[in-house]
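Below is one structure; the comments refer to it alone.
What you see below is based on every heavy atom in this structure, not just the backbone, and it leaves out hydrogens, waters and symmetry mates. In the text below, chain A, chain B and the rest are named by the order of the sequence lines, each starting its count at 1.
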Amino acid sequence: RLRKWQERIRTKDAGERNLQFALSEIDRMASALGVPRSVREVASVIYRRALNEDLIRGRSIEGVSTAALYAACRQEGIPRSLDEVADVSRVPQKEIGRTYRYISQELGLELKPVDPKQFVPRFASALQLSEEVQSKATEIIDVSAEQGLLSGKSPTGFAAAAIYAASLLCNEKKTQREVADVAQVTEVTIRNRYQEQIEAMGFR
Amino acid sequence: MTNPADSIEIQNVVASTGIGQELDLEALAEDLPGADFNPDNFPGLVYRTQEPKAAALIFRSGKIVCTGAKSIDDVHDALGIIFEKLRGLQIPVEDDPDITVQNIVSSADLGHNLNLNALAIGLGLEDVEYEPEQFPGLVYRMDEPEVVILLFGSGKIVITGGKRTDDAEEAVEEIVERIEGLGLLG
DNA sequence: AATTTACTTTAGAAAGC
DNA sequence: GCTTTAAAAAGTAAATT
């Protein structure tokens, strides 16, 4: 009986230490990503729910922490791409994506697909582009998405192409390489999306 | 008006069977030309048939998995060839081993482009997985028939997880009905 | 910049780590 | 969980030419 008590205390302590570690990791990654405190709170809640539902078993604490943060960013409307999240995590991108899909399904988060427009302000300001370019990029996204061009396309690549197009239209040109770097996509992807969007806008 | 169900093509059939006899895979790898056996990587021996084209995983227990066949008939033909090859090597093989189809992968074309964002919400986020950052297809888990459907923006789809030939046809009819009900099919 | 090759997702079995 | 096998869908990426 005494052994059982000690066992319980020991596992309780271990669980407590694991939780503290997860929360501090979420804090560290959130700071590195520059997301507000509210997102860290949401991520913590998601992590605790995953813990209560026993979803951590068979997965790494780091992986679930990162996936919870990725989910929280989306839930709060300020998404980070898996690439960006992977940059501040010590878990590979593939595992983050897989873990996110798992906890999202099990916790019933029901998050809507990421809207490319949500990347525009952040990417545009990183490129020092004006408000005018941002609203133009937003318009390009709306028009081309409405014509069915968004299906199956990566939201970051879609946003990057629209920003590139808008920078040209507003005489604030950025090169495909510059846009590709901040959006973490290749120039080829920007070119492909750009051509489709220009056509959808009735230009060319 | 072309029926999407008529566009169904079986792309892959996975089946399992067993010869009811333990095997020495090391020896078999020597006697079977073209056999791949790397026990450090994977416990099964890989053997490919040319006509019909298929790949078999042969295990020490005598159990066999056949993949890559384009029809259930092809599965039987390919396994029949393998059974004969084994008999030719003086390995006793049951007269008519039971062959169980484990999975059928089919493709089809709905004939219209699909708005996957609208579909994700319309079909119900709880049954849908659509993460275009990770994969361009929308993953839809259907209950009846119990299959998984991958839907793409082009209207092309993949049906997998079914064990009967009819599953794909029923699934296509069902998904077309649901998409039409949402007013999301051309 | 075009081609080629390769990897992402789904399902399922097998034996073993 | 992972390992291997095959096949489709379409997007993205990297290596060659």
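With dA15(C), dT5(D), dT10(C) as the choices, the nucleotide that has an atom nearest any side-chain atom of Arg48(B) turns out to be dT5(D). Out of dA14(C), dA10(D), dA9(D), the shortest distance to the side chain of Phe59(B) is found at dA14(C). Across dT9(C), dA10(D), dA7(D), the shortest atom-to-atom separation from the side chain of Pro136(B) is found for dA10(D). Checked against dT5(D), dA14(C), dA8(D), the side chain of Val105(B) finds its nearest nucleotide in dA8(D). Residue Val65(B) has its side chain nearest to dA13(C) when only dA13(C), dA15(C), dC2(D) are considered. Comparing dA15(C), dT8(C), dA9(D) by their closest approach to the side chain of Val158(B) singles out dA9(D). Listed nucleotides dA7(D), dT5(D), dA9(D) differ in distance to Gln11(B); the shortest reach to its side chain belongs to dA7(D). When distances run from any side-chain atom of Gln102(B) to the nucleotides dA7(D), dA13(C), dA15(C), the shortest one goes to dA13(C). Among the nucleotides dT3(D), dT12(D), dA11(C), the one closest to the side chain of Val148(B) is dA11(C). Distances from the side chain of Thr67(B) to the nucleotides dT10(C), dA14(D), dA13(C) place dA13(C) closest.
dA13(D) atom C1' lies 16 Å from atom CD of Gln134(B), rounded to whole Å. Computed from coordinates, the Ile99(B) CD1 to dA13(C) C1' distance equals 14 Å when rounded to whole Å. Between Phe152(B) atom CZ and dT10(C) atom P there is a gap of 11 Å when expressed in whole angstrom units. Rounded to a whole Å, the OH atom of Tyr102(A) is 8 Å from the P atom of dG1(D). Across the protein-nucleic acid pair, Lys153(A) atom NZ and dT9(C) atom P stand 20 Å apart, rounded to whole Å. Here dT5(D) presents its P atom at 12 Å from CG of Leu45(B), a figure rounded to the nearest Å. If you measure from atom CZ of Arg98(A) to atom P of dG1(D), you get 9 Å, rounded to the nearest angstrom. In this structure, Ile104(B) atom CD1 and dA11(C) atom C1' are separated by 11 Å, rounded to whole Å.
Counting any heavy atom pair closer than 4.0 Å across all strands shown, Gly152(A) reaches sugar-phosphate atoms only and no base atom. Across all strands, Thr100(B) comes closer than 4.0 Å to no nucleic acid atom at all (heavy-atom distances). In this structure, Arg193(A) reaches the sugar-phosphate backbone alone: every heavy-atom distance under 4.0 Å involves primed, P, OP1 or OP2 atoms, never a base. Here Arg59(A) lies out of heavy-atom contact (under 4.0 Å) with every strand. Nucleic acid contact for Val14(B): base, since at least one base atom lies under 4.0 Å from a heavy atom of the residue. Using a 4.0 Å heavy-atom cutoff across all strands shown, Ser154(B) reaches sugar-phosphate atoms only and no base atom. Note on Val147(B): nothing from the nucleic acid sits closer than 4.0 angstrom, heavy atoms only.
When both pairing distances are held under 3.5 Å, dA7(D) makes no Watson-Crick or G-U pair with any nucleotide shown. Partner assigned to dT4(C) is dA14(D), using Watson-Crick or G-U wobble distances below 3.5 angstrom. Pairing for dA11(C) is absent, judged as Watson-Crick or G-U wobble with the two contacts each under 3.5 Å.
The base of dA8(D) is not paired with the side chain of Ser107(B) by any donor and acceptor separated by under 3.5 Å.
The shortest non-hydrogen separation linking Lys70(B) to Ile10(B) is O-CG2, 3.3 Å. The minimum heavy-atom distance between Ser89(A) and Glu62(A), with the atom names listed, is OG-OE1, 3.4 Å.
Rounded to the nearest Å, the gap between the P atom of dT3(D) and that of dC7(C) is 12 Å. Here the separation of dA13(C) from dA8(D), taken at their P atoms, is 22 Å to the nearest Å.
When each of Lys63(B) and Asn12(B) is assigned the nucleotide of DNA chain C with its nearest heavy atom, Asn12(B) is the one assigned upstream, toward the 5' end. Of the two residues near DNA chain C, Leu150(B) and Gly44(B), the one whose nearest nucleotide lies more 5' is Leu150(B). For the pair Lys156(B) and Asn103(B), both in contact range of DNA chain D, the more 5′-proximal nearest nucleotide belongs to Asn103(B). Residue Phe135(B) is the one, among Val188(A) and Phe135(B), whose nearest nucleotide of DNA chain D lies closer to the 5' end (criterion: closest heavy atom).
Taking 4.0 angstrom as the limit, Lys53(B) places none of its side-chain polar atoms (N or O) nearer than this to OP1 or OP2 of dA6(D). For Thr186(A), a side-chain nitrogen or oxygen approaches OP1 or OP2 of dA13(D) to under 4.0 Å. Distances shown here put a side-chain N or O of Arg101(A) below 4.0 Å from the OP1 or OP2 atom of dT9(C). When the side-chain nitrogen and oxygen atoms of Ser61(B) are compared with OP1 and OP2 of dA15(C), one or more of them lie within a distance under 4.0 Å.
The existence of a salt bridge linking Arg193(A) and Glu196(A) is confirmed by a sub-4.0 Å separation between a basic side-chain nitrogen and an acidic carboxylate oxygen.
Defined by atom type and a distance below 3.5 Å, a donor-acceptor pair is missing between the side-chain atoms of Ser135(A) and Thr138(A). In this model, no donor atom of one side chain and acceptor atom of the other lie less than 3.5 Å apart for Arg98(A) and Gln134(B). Gln93(A) and Asp87(A) share no donor-acceptor pair across their side chains, judged by distance under 3.5 Å alone.
In terms of hydrophobic clustering, with Ile, Leu, Val, Met, Phe, Trp and Tyr side chains grouped at heavy-atom distances under 4.5 Å, Ile19(B) and Ile58(B) are assigned to a common cluster.
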Check: What's the verdict on salt bridge (Lys or Arg N to Asp or Glu O under 4.0 Å) for Arg122(A) and Glu84(A), showing C-alpha distance, side-chain angles and the deciding distance?
Finding: CA-CA 12 Å; Arg122(A) 201 156 52 82; Glu84(A) 292 175 302; 2.7 Å; yes
